[in-house]
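Accompanying notes for the structure given below.
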Amino acid sequence: MIRFLATAVSKAIQRAAEAGQLGSLTPDQSVQITPVIQIPNDTRYGDYACPTALSLKKLSGMAPAQIAQTLCRHLHLPNIETSVAGAGFINFRLRDPFLAERLQELLSLGPQFGKTSAPQPERILLEFVSANPTGPLHVGHGRWAAVGSTVADLLRWTGHQVDCEFYINDAGNQMQILGRSLAVRVKQLQGEDIPLPEEAYHGTYLIDVAQRLLDQVKAGIRPLPTTLEEYTDFAYAEMLAGQKRTLQQLRTAFDHWFSERRLHTPDPETGLSAIQHSLQELQERGFLYRAKAPRGEEPKPDAEEALYFKTQEFGDDKDRVVQKADGSVTYLAADIAYHRDKVRRGYQRLINILGSDHHGYIGRLQAAVGAFSLDVKLEILIGQFVKLFKTDPETGEKVEVRMSKRSGNFVSLNDLIEDPEIGVGVDAARWFLLSTSMDSPINFDLDLAVKQTFDNPVVYVHYSHARCCTLLRRLQEEEKVELTEKVSLDETAKLPYTEPEERTLLLRLLALPDELIAAAEERAPQKIIRYTEAIAADFNKFYDNCRILPLLQEDPALARARIQLVQATRQVLFNLLTGILRLSAPESM
RNA sequence: GGGGCUGUGGCUCAGAUGGAUAGAGCAAGCGCCUCCUAAGCGCUAGGUCGGCGGUUCGAAUCCGCCCAGUCCCGCCA
């Protein structure tokens with residue numbers, strides 16, 4: 001709808017400019033203007049409004065109200081009433097035949113309603129979560145999982161092709177530490193009195209893993225590991241499987257699981273690893289140099305020569321080392337190889353969702369993509385963390401609980417979902433993780449009645465959906481009403497509605513495609529949360545004010561029109577709940 | 001010291017890219033079931049949108065400075 005009105009206004013501006021009716025605004029300039037269409041907060045003004053005439057004042061040298069009048073004359077919108085109000089707003093009011101047509105469209109498209117095609121469809125690779133396989137996922141990972149999966153769905157609904165990818169950080173010495181930690185836990189279970197080294201993973205989850213390992217040994221499934229490598233492999237497999245389970249539980253699906261190790265493994269044909277290939281290519285393209293310090297910096301007295309990547313050319317604040325003085329490669333080298341791989345897989349856009357602690361990495365990642373392709377766009381979404389608080393029983397003050405895998409002091413994603421004390425279930429967990437803009441941290445007080453607080457809005461929406469279902473079921477089964485999808489107008493081309501709640505609800509439901517487009521373009525799932533809540537609120541007001549059963553005999557036309565609103569509400573809520581937010585949609589409560 | 005993000009009713013947060021009278025949910029108070037689910041609806045109360053200045057017809061939104069919170073600034077991964 002918004003896109004439709006925006007193009008209509010855009011064309012009107014062009015036509016008016018070509019006719020020389022917009023003062024000093026030239027036709028060339030007129031093409032550049034992208035009109036703003038918004039929903040006024042006071043519906044008396046209209047269903048949609050366009051303030052663009054106001055901003056054209058300078059370019060045209062005309063009074064905004066006059067511009068608006070001119071544009072109205074060039075707008076040819078059947079069944080939409082246009083008017084000029086205030087300082088120069090163009091207000092649009094959708095007439096009943098138009099609304100009926102849209103409602104008809106909604107009902108016949110059903111589960112497909114809301115899908116749009118993109119002006120420029122893209123093949124997109126969306127990377128998110130990408131945790132180390134060294135422990136259970138924590139609540140913070142859950143945030144990226146919920147946001148990532150929803151952004152992916154939003155992009156798909158708006159006409160893009162999206163693959164979701166999890167980059168498994170399974171290389172580096174953290175994996176050895178994991179193996180060593182497990183070995184100690186096993187020995188402890190066998191009765192040896194040895195302490196866990198300081199740098200080990202202290203979380204109690206490794207005790208469970210150790211127990212499972214011993215159980216398997218006892219059952220003769222496998223021998224007790226004899227090398228560190230075997231311990232590492234067992235722990236790795238267990239951790240990864242656990243993470244996959246949790247993500248699946250959170251209804252987050254990945255198309256690819258990309259192992260970092262793969263980048264370090266030499267290709268049997270060339271004998272070179274993907275990392276070595278990448279560095280070679282960077283070398284050939286002139287992006288590497290050997291020095292004792294990055295360009296523009298004085299080397300420290302004891303500095304040795306290392307291999308630097310010119311990340312500065314891509315907006316980084318200084319060049320970065322890819323190969324250390326001792327010949328080993330840095331973590332960035334793996335990232336370079338990884339992003340080279342992404343580029344070579346033919347995507348037009350890469351989107352990475354990262355935590356705010358990674359904001360300093362934007363420059364080097366842009367370099368890792370930019371050095372290999374000028375066309376592939378890399379978009380990095382930085383999100384703030386989930387912070388946990390506890391209320392100190394003595395002082396009554398809120399204290400932050402530090403999450404750390406090393407110390408074992410963290411709330412896992414599983415806890416949030418199913419812990420008897422703080423667990424809120426999958427639906428409320430997803431809702432909670434999606435409801436706040438990524439730019440804001442989520443503050444989560446473990447002692448407050450968070451369970452109810454986050455449960456409540458989900459229940460509200462579920463309740464509305466269930467009300468629709470129950471009502472429709474009752475109409476069919478008890479009242480023997482045949483549901484129809486055919487929308488009809490009366491002899492004066494009016495919809496039979498009588499109450500303001502009906503129109504408000506209808507307009508809200510018809511906005512689904514617009515809402516999905518806006519949320520997808522801004523990568524802002526929280527907008528869908530707000531929108532879903534708004535539908536539920538509009539529906540409950542309608543439900544309270546506009547009864548149906550008493551009308552079945554008295555006013556069948558109105559009853560039917562209201563039933564269609566219920567059908568439409570059920571459909572839109574269903575599409576949002578199951579298709580975008582990945583929540584359940586209960587049919588009764 | 002430099003940078004990212006944040007600062008909006010008592011609490012948790014929205015605010016559609018600068019628009020018409022700043023919104024929800026919890027918490028508080030009052031009212032509404034003879035009537036399709038009261039897990040609901042209506043009403044009341046609560047705000048100098050962190051502060052100061054600027055840009056213009058118009059600012060919570062853009063710019064500058066300041067204050068506060070938070071995260072980052074490795075030849076770690």
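Here is the naming used below: chain letters follow the sequence lines, and residue numbers restart at 1 for every chain.
- For the pair A/Tyr460 and B/rC26, the criterion of a side-chain N or O lying under 4.0 Å from OP1 or OP2 is not met.
- Between the CD1 atom of A/Ile37 and the P atom of B/rG18 there is a distance of 15 Å, given to the nearest Å.
- With hydrogens and angles ignored, the 3.5 Å screen pairs no side-chain donor or acceptor of A/Asp319 with any backbone N or O of A/Pro294.
- Using a 4.0 Å heavy-atom criterion, one finds that A/Ala325 contacts the bases of the nucleic acid, with or without backbone contacts as well.
- When each of B/rA77, B/rG19, B/rA20 is scored by its nearest atom to the side-chain atoms of A/Pro51, the top-ranked nucleotide is B/rG19.
- Here the side chain of A/Ser356 is nearest to one of B/rC5, B/rA77, B/rC71, namely B/rC71.
- Along RNA chain B, the nucleotide nearest to A/Lys292 and the one nearest to A/Thr52 differ in position, and the one closer to the 5' end is contacted by A/Thr52.
- Within the nucleic acid shown, A/Ala49 comes within 4.0 Å of at least one base atom, counting heavy atoms only.
- One P atom belongs to B/rG7, the other to B/rG51, and the distance between them is 12 Å to the nearest Å.
- Residue contacts for A/Gln38: at a heavy-atom cut-off of 4.0 Å it reaches the sugar-phosphate backbone alone, with no base atom in range.
- A/Pro40 comes within 4.0 angstrom of nothing in the nucleic acid, heavy atoms only.
- Rounded to an integer number of Å, the gap from OH of A/Tyr531 to P of B/rC13 is 26 Å.
- Within residues 304-312 of chain A, the residues having any heavy atom closer than 4.0 Å to RNA chain B are, in order of number, A/Glu304, A/Ala306, A/Tyr308.
- Between the side chain of A/His264 and the main chain of A/Ala274, no donor-acceptor pair closer than 3.5 Å is present.
- In this structure, A/Phe314 and A/Phe287 have tilted ring planes: the angle between them lies in the 30° to 60° band.
- Between the base of B/rA20 and the side chain of A/Asn91 there is a donor-acceptor pair shorter than 3.5 Å.
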N/O donor-acceptor pairs under 3.5 Å from side chains in residues 358-366 of chain A, not counting sequence neighbours:
| from | atom 1 | to | atom 2 | distance (Å) |
| --- | --- | --- | --- | --- |
| A/Gln366 | NE2 | A/Leu378 | O | 3.1 |

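- Nucleotides B/rA22 and B/rG9 are separated by 11 Å at their C1' atoms, to the nearest Å.
- For the P atoms, the distance linking B/rC63 with B/rG18 amounts to 10 Å, nearest Å.
- A donor atom on one side chain and an acceptor atom on the other are not found under 3.5 Å apart for A/Asn545 and A/Glu499.
- Rounded to whole Å, the separation between the C1' atoms of B/rG10 and B/rU55 comes to 36 Å.
- Mapping A/Ala53 and A/Arg530 onto RNA chain B by nearest heavy atom places A/Arg530 closer to the 5' end of the strand.
- Residues A/His462 and A/His465 place their aromatic rings such that the two centres sit no closer than 6.0 Å.
- Taking only distance into account, the side chain of A/Tyr361 meets the base of B/rA77 through a donor-acceptor pair shorter than 3.5 Å.
- Checking the phosphate oxygens (OP1, OP2) of B/rG42, a side-chain nitrogen or oxygen of A/Lys541 falls inside 4.0 Å.
- Under the 6.0 Å cut-off for aromatic ring centres, A/Tyr45 and A/Phe89 do not qualify, their centroids lying 6.0 Å or more apart.
- The phosphate of B/rC76 (OP1 or OP2) has a side-chain N or O of A/Lys324 nearer than 4.0 angstrom.
- Using a 30° and 60° split on the angle between ring planes, A/Phe258 and A/Tyr338 fall in the tilted class, from 30° to 60°.
- One P atom belongs to B/rC66, the other to B/rG3, and the distance between them is 10 Å to the nearest Å.
- Residues meeting the ring pair (Phe, Tyr, Trp, His ring centres under 6.0 Å) test with A/Phe166, sequence neighbours left out: A/Phe254, A/Trp257.
- If you take CD of A/Gln526 and P of B/rU6, they are 12 Å apart, rounded to a whole angstrom.
- Remark: C1' of B/rA20 and CG of A/Asp42 are 8 Å apart, rounded to the nearest angstrom.
- For A/Asn456, the listed nucleotide lying nearest its side chain is B/rC26; candidates were B/rC26, B/rC71, B/rC41.
- Syn is the classification of B/rC33, since its glycosidic angle stays within 90° of 0.
- A/Thr43 and A/Arg93 form no side-chain donor-acceptor contact under 3.5 Å, judged by distance and modelled atom types alone.
- One can place CD1 of A/Ile442 at 22 Å from P of B/rG69, the figure rounded to the nearest angstrom.
- For RNA chain B, runs of at least 3 consecutive pairs of the Watson-Crick or G-U wobble type, with both hydrogen-bonding distances under 3.5 angstrom, map to B:1-7 with B:67-73, B:10-13 with B:23-26, B:28-32 with B:40-44, B:50-54 with B:62-66.
- Sorted by first and then second residue, the salt bridge (charged side-chain N to carboxylate O under 4.0 Å, His left out) pairs with a member in residues 534-555 of chain A read A/Arg508-A/Asp538; sequence neighbours excluded.
- When rounded to the nearest whole Å, the span between CD1 of A/Ile39 and P of B/rA22 equals 19 Å.
- Straight-line distance from the CG atom of A/Asn41 to the P atom of B/rA24: 11 Å, rounded to whole Å.
- Distance noted for atom P between B/rC62 and B/rG19: 11 Å (whole Å).
- Taking 90° from 0 as the syn/anti boundary, the base of B/rU55 is oriented anti.
- Across the P atoms, B/rA16 and B/rA39 are found 34 Å apart, a figure rounded to whole Å.
- Comparing B/rU56 with B/rU44, their P atoms are spaced 40 Å from each other, to the whole Å.
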Can you give one letter per nucleotide of nucleotides 29-37 of chain B, 5' to 3': B if a protein heavy atom sits under 4.0 Å from the base, S if only from the sugar-phosphate, - if neither?
------SBB
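- In this model, the phosphate group of B/rC13 is approached by a side-chain N or O of A/Asn443 to a distance below 4.0 Å at OP1 or OP2.
- At a cut-off of 3.5 Å, with distance as the only test, a side-chain donor of A/Ser273 or A/Gln276 sits close to an acceptor on the other residue.
- Few gaps surround CD on A/Gln38; more than 12 heavy atoms of other groups in view lie less than 6.0 Å from it.
- Residues A/Ile563 and A/Leu475 meet the side-chain proximity criterion, which asks for heavy atoms closer than 4.5 Å.
- For A/Asp357, counting side-chain heavy atoms from C-beta on, the closest listed nucleotide (B/rG42, B/rA14, B/rC72) is B/rC72.
- Atom CH2 of A/Trp431 is separated from atom C1' of B/rG25 by 11 Å (rounded to the nearest Å).
- Annotation for A/Pro441 and A/Thr436: closest pair O-CG2, 4.4 Å, computed over non-hydrogen atoms.
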